[in-house]
Every structure is written in structure tokens, then in C-alpha cells.
S.K.: 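One structure, as C-alpha cells, below. Some questions next.
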Amino acid sequence: MTPDPVDEAVALHDLALSAWDEHRYPRSIDLCRRALGILEAHAGAGSPDTANVLTLLGSALDELGKHAAAEAYHRRATAVMAALPSRPEVLLRLRVQATVALAGNLRRQGRYAAAERLLRAACDDAAPRFTDLELVPLRNELGVLYKFAGRHDDAQAQYTAVRTALEAAHGPDHPALAAVWHNLAGLAHSRGDLTAGEAYARRSLALHRACLPPGHPAVVADEAHLAAILQARGEPAEAEPLLRRAIAYFTARHGPDHPDVLTNRHNLAAVLAARDPAAAAALYTVVLAGKRRTYGASHPEVALTLTNLAALAAARDDHDTARTLAVEAHRILAPQVAATHPALASVTAYLTVRGADQPVGAAA
């Protein structure tokens, strides 16, 4: 009997999901492309199965830092789902899934307002019909968005709802809680609560270490996250080897301009700043160039590195350079993040004191 082409495509999608779970994103992309070709030929471009594959394909590209290419697939997926009814329930789930993925893509590109509009609309659609557990991906993405935008109280509310739902469903020690502890650690770090941040980061790492091998990407990412908090606490001896391991690991997997590499090199520069400011400035400069290539010149991630370079320049009394860097960071951040965002607050304070030619306010 001749195999059904749609069944073959669904099987390829299942394999792509398995590759995704194993962080083998190029393999997932290849399988998605094969499934997509079959579905478009035999189920049609407007099929929900086609949209499901498009969402996974875009998400795998996002994980490789290829956000512009990913956006096109996410928009195709959301367009397909918008044209379909929201009944039966599975179609609403696929619509929300596609919307969350597109919003995550826009958030990664620094387009926070557009991402929030999508997520808020998805909440309006889903909240009356979803359980608290089903709302977890949506609320988690909102929390991540609000954290990056400097809206810390809003992020806290979303993460608390996620944690409550997961603990009610799985108990407090389930590995599913690791991601929310990781996110809570990042939020506490941004708020300057380093004691809580370290506790949350160690909790996430312990849960991942209990169920994953030592070389798993989630374990390495947790170690690097803990290292950033340790650096902020003035504990570089433990932080530095974890960051160097993460840099080597993610560079080998994804290349030198991947977001995980750039973030960890940025954090390593912060470790170096205390003992070798010149080396730190050189590393920040390399990271800045990489971020501009990867994100574009006006992304908030670029502003974070500009802010730290400005601080180093100010520390050596090179205020002309510091002011130039701070003004550029402010230009990027002010339209995109809350005034309380740590980086925006930092450059705003500096420019206010130094009598900059324009108002101050920026952060990421």
C-alpha cells in the first residue's frame, strides 16, 4: 500500500520535534523543510499542519540567531491560522502557539511593542478557554518580554503565574520548573537582588543537572547564567571558568556571532573589568561588533554593551568617549524600554551629571 504523503510529513515533523528537544536545530530545520514541501503539495498552503511545521521551522531558525529569516515563516504560520476558525480547540491552540512564536521572534529583534500587542491579543483569545497550565507558554513569553523591556513588576506577575501553574500540575521538584527558576534568576539579577538571583539560578541548575547530562545545552546555559550573577556579586573566581566553558561550547555549536556566545563574552568582559580594564574594553568592542552584525545597530542588546563601554571610559576619565557611547545607548533604549530599566537608568544618570546635549534615559 502506498504511504499517505500527509502521514509521511507528520512523521517528519515528529522527528523535527525530537531534534528540537535535543537542541539539534540544523537537523530540525532540514526535517521541517522536507515536511513543508510535502504538506504544501498534498495538504495545501493553508492547512493547519502546514502552519504547525512553519512555526517549528521559524523557531529553530530563531534558536540559531537567524531572526529575519525566521520571521517570514512565523508570519506565514500566523496568517494560515488567522484564516481558520478557532474551533475545534486544537485550532485555537495552534493559533496561540504560532502567535507566541512570532512574538518571541519580534522580542528577540528588540521589537517589544509589536510583540506585546500580539501576546495581549492571544491572551484575550485563550484565557476564557485555556487552563492555567495551557497558558504557561503565553505567560512565560510575556514575562521574558517584560523583563527585557525593564517592566519588572509585570514580568514578576507573569513568572509567578507560571510557577504556580507548574507546581500545581507537577509538584515543586519537577524539571519543568527549571525554566521558570532560570527566568526568575534573570529577573532578580536585573532588579539588583543578587541573593535571590543566585538562589534561583542554583535551583534551576540543580533541576537540570538531575535530569540531563553534564554537556547538555540547558545545563551549560544555566551555569553561564549563574556565572553572570556571581560576577555581579563580586565572585569572579567561580564565574570566569563557567563563562569560558559556555563561550567555547556555544561557539563550537553555533559560531562566534550567536546570541549565546555574544551574551557570555559580554559577561566575561564584565569579569575582566575589575582586574584588567583594557582587556575588558577590547572584549566589549569585539562583542559590540558581533551584536551589530547579529542584531542590527539599534537593538537594545547593542545598547547594553555601549553602556558598559561608557562606564569603562568614564572610569579612566575619558568623558568625551563615555558621553558619546552613553548618548548612543540612550538613543537606542529610550524609545524601547521602561525608564526604570537598569541600563537606561545608568546612562540617563551619567548624561545628566555630565550635562549631555540631550535628555537621558536608556536601558535594556
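Numbers for residues simply follow the sequence, beginning at 1.
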S.K.: So, does Q336 use its side chain to make a donor-acceptor pair with the main chain of I332 at under 3.5 Å?
M.R.: yes
S.K.: When clusters are formed by joining ILVMFWY residues with side-chain heavy atoms under 4.5 Å apart, either directly or through shared neighbours, do V53 and L94 land in the same one?
M.R.: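 The answer is no; the residues belong to distinct hydrophobic clusters.
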S.K.: Decide yes or no for L230 and L226: does some side-chain heavy atom of the first lie under 4.5 Å from some side-chain heavy atom of the second?
M.R.: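 Counting from C-beta outward, L230 and L226 do come under 4.5 Å.
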S.K.: Look up atom CZ in R293 and atom CG in L262, then write down how far apart they are to the nearest 0.5 Å.
M.R.: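 Going from the CZ atom of R293 to the CG atom of L262 covers 8.0 Å.
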S.K.: Checking side-chain contact (heavy atoms from CB on, under 4.5 Å) for the pair Q158/K147: CA distance, chi angles, key distance, verdict?
M.R.: CA-CA 10 Å; Q158 297 298 329; K147 183 263 183 184; over 6 Å; no
S.K.: Are S86 and M81 side-chain neighbours, meaning at least one heavy-atom pair lies under 4.5 Å?
M.R.: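 No. Closest side-chain heavy atoms not under 4.5 Å.
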S.K.: If you measure only the distance, is there a donor-acceptor pair under 3.5 Å linking the side chains of H225 and H182?
M.R.: yes
S.K.: Of the non-hydrogen atoms in A114 and L106, which two are nearest, and what is the gap between them?
M.R.: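 For A114 and L106, the tightest heavy-atom pair comes out as CB-CD1, 4.0 Å.
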S.K.: Tell me, with the steps shown, if N52 and Q97 meet side-chain contact (heavy atoms from CB on, under 4.5 Å).
M.R.: CA-CA 9 Å; N52 205 20; Q97 175 182 288; 2.8 Å; yes
S.K.: If two hydrophobic side chains count as joined below 4.5 Å and joins carry through other members, does L17 share a cluster with L61?
M.R.: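 Same cluster: L17 reaches L61 through Ile, Leu, Val, Met, Phe, Trp or Tyr contacts under 4.5 Å.
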S.K.: For a 4.5 angstrom cut-off between non-hydrogen side-chain atoms, does H152 reach T340?
M.R.: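 Result no, sub-4.5 Å side-chain heavy-atom pair not found.
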S.K.: Heavy-atom distance under 4.5 Å between the side chains of L312 and R316, does that happen here?
M.R.: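 With C-beta onward as the side chain, the pair touches.
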S.K.: To the nearest 0.5 Å, how far apart are CG in L207 and NE2 in H174?
M.R.: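 Going from the CG atom of L207 to the NE2 atom of H174 covers 10.0 Å.
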S.K.: Where do A227 and A239 come nearest, in terms of heavy atoms and distance?
M.R.: O-CB, 3.3 Å
S.K.: Please list every donor-acceptor pair under 3.5 Å in which a side-chain atom of residues 24-38 meets a protein atom from a residue at least two apart or in another chain.
M.R.:
{"residue": "R24", "atom": "NE", "partner": "E22", "partner atom": "OE1", "Å": "2.7"}
{"residue": "R24", "atom": "NH2", "partner": "E22", "partner atom": "OE1", "Å": "2.8"}
{"residue": "Y25", "atom": "OH", "partner": "H23", "partner atom": "ND1", "Å": "3.0"}
{"residue": "S28", "atom": "OG", "partner": "A16", "partner atom": "O", "Å": "3.0"}
{"residue": "R33", "atom": "NH1", "partner": "Y73", "partner atom": "OH", "Å": "2.8"}

S.K.: Going from CG on D260 to NE2 on H254, what distance comes out if it is rounded to the nearest 0.5 angstrom?
M.R.: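 Between atom CG of D260 and atom NE2 of H254 there are 6.0 Å.
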S.K.: Any salt bridge between R139 and D132, counting N to O under 4.0 Å?
M.R.: yes
S.K.: Quick check: does any side chain N or O of T251 sit under 3.5 Å from a backbone N or O of I247, one acting as donor and the other as acceptor?
M.R.: yes
S.K.: Check this for me, if you would: do R107 and E71 make a salt bridge, where the nitrogen-to-carboxylate-oxygen distance has to be below 4.0 angstrom?
M.R.: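 No.
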S.K.: Taking side chain as C-beta onward, heavy atoms only, is S298 less than 4.5 Å from R331?
M.R.: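 They are in side-chain contact.
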S.K.: Would you please indicate yes or no on a ring centroid separation below 6.0 angstrom for Y284 and H266?
M.R.: yes
S.K.: Less than 4.0 Å between a side-chain N and a carboxylate O, is that true for R202 and E198?
M.R.: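 Yes, charged N to carboxylate O under 4.0 Å.
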S.K.: Check A232 against L194 and note the closest heavy-atom contact, atom names and distance.
M.R.: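 It is O-CD1, 3.4 Å.
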S.K.: Looking only at heavy atoms, which two atoms of V80 and S47 are closest? And how far apart?
M.R.: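 In this case the closest contact between V80 and S47 is CG1-O, 3.6 Å.
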S.K.: Answer yes or no: is there a donor N or O on one side and an acceptor on the other, between the side chain of T164 and the main chain of A161, under 3.5 Å?
M.R.: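 No.
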S.K.: Would you check if V271 and P236 make a side-chain contact, meaning some heavy-atom pair closer than 4.5 Å?
M.R.: yes
S.K.: Less than 4.5 Å apart, side chain to side chain, heavy atoms only: is that true for Q231 and N267?
M.R.: no
S.K.: Are V144 and L135 grouped together when hydrophobic residues (ILVMFWY) are joined by side-chain heavy atoms under 4.5 angstrom apart?
M.R.: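 Yes, it is one cluster - the side chains of V144 and L135 are joined through contacts under 4.5 Å.
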S.K.: Salt bridge check: are E116 and R151 linked by an N-O gap of less than 4.0 Å?
M.R.: yes
S.K.: Side chains of R253 and Y249: is there a donor and an acceptor less than 3.5 Å apart?
M.R.: yes
S.K.: With a 4.5 Å cut-off on side-chain heavy-atom distances among I, L, V, M, F, W and Y, is there a chain of contacts connecting Y295 to V286?
M.R.: no
S.K.: Between the side chain of T294 and the main-chain N/O of D257, is any donor-acceptor distance below 3.5 Å?
M.R.: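 Such a contact is found between T294 side chain and D257 backbone.
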S.K.: Might you work through the side-chain contact (heavy atoms from CB on, under 4.5 Å) test for R245 and E223, ending with a clear yes or no?
M.R.: CA-CA 9 Å; R245 179 193 181 201; E223 290 173 346; 2.4 Å; yes
S.K.: I would like to know whether D173 and R203 meet salt bridge (charged side-chain N to carboxylate O under 4.0 Å, His left out); could you show each step before the answer?
M.R.: CA-CA 10 Å; D173 298 321; R203 179 67 176 146; 2.5 Å; yes
S.K.: Report the C-alpha distance between E301 and F148 in whole Å, list the side-chain angles of each, state the deciding distance to 0.1 Å, and finish with yes or no for side-chain contact (heavy atoms from CB on, under 4.5 Å).
M.R.: CA-CA 9 Å; E301 280 293 325; F148 278 102; 3.8 Å; yes
S.K.: Strictly below 4.0 Å, N to O, side chains only: are R76 and E40 in salt-bridge contact?
M.R.: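 Judged by the 4.0 Å cut-off on N to carboxylate O distance, R76 and E40 do form a salt bridge.
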S.K.: Report yes or no: do V180 and L138 belong to one cluster of Ile/Leu/Val/Met/Phe/Trp/Tyr joined by side chain heavy-atom distances under 4.5 Å?
M.R.: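 The answer is yes; both residues are in one hydrophobic cluster.
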S.K.: Search all heavy atoms of A343 against all heavy atoms of L304 and return the closest pair with its distance.
M.R.: CB-CD2, 3.6 Å
S.K.: Just by modelled atom types, is the Y200 backbone N or O under 3.5 Å from a matching donor or acceptor in the S204 side chain?
M.R.: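 Between the backbone of Y200 and the side chain of S204 there is no qualifying donor-acceptor contact (under 3.5 Å).
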S.K.: To the nearest 0.5 Å, how far apart are CG in L268 and CZ in R244?
M.R.: 4.5 Å
S.K.: Calculate, to the nearest 0.5 Å, the distance between atoms CG and CG belonging to N308 and L283 respectively.
M.R.: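 Spacing of CG (N308) from CG (L283) equals 11.0 Å.
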S.K.: Do the side chain of H299 and the main chain of G110 share a donor and acceptor less than 3.5 angstrom apart?
M.R.: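 Judged by distance alone, yes, a pair lies under 3.5 Å.
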S.K.: When you measure from the side chain of T285 to the backbone N and O of A281, does any donor-acceptor pair fall under 3.5 Å?
M.R.: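 Checked: pair present.
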S.K.: L333 versus H330: any side-chain heavy-atom pair under 4.5 Å?
M.R.: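 A side-chain contact under 4.5 Å is absent here.
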S.K.: Can you give me the closest heavy-atom contact between A322 and A314, atom names plus distance?
M.R.: CB-N, 3.7 Å
S.K.: Classify the side-chain pair N105/H74 by whether it contains a donor and acceptor separated by less than 3.5 Å.
M.R.: no
S.K.: Find the distance between CD (E238) and CG (L243) and round it off to the nearest 0.5 Å.
M.R.: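 Answer for the CD-CG pair, E238 versus L243, is 10.5 Å.
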S.K.: How about H319 and Y350: does a side-chain donor come under 3.5 Å of a side-chain acceptor?
M.R.: yes
S.K.: Can any side-chain N or O of T50 pair as donor or acceptor with the backbone N or O of G46 at less than 3.5 Å?
M.R.: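 Not confirmed, T50 side chain does not pair with G46 backbone.
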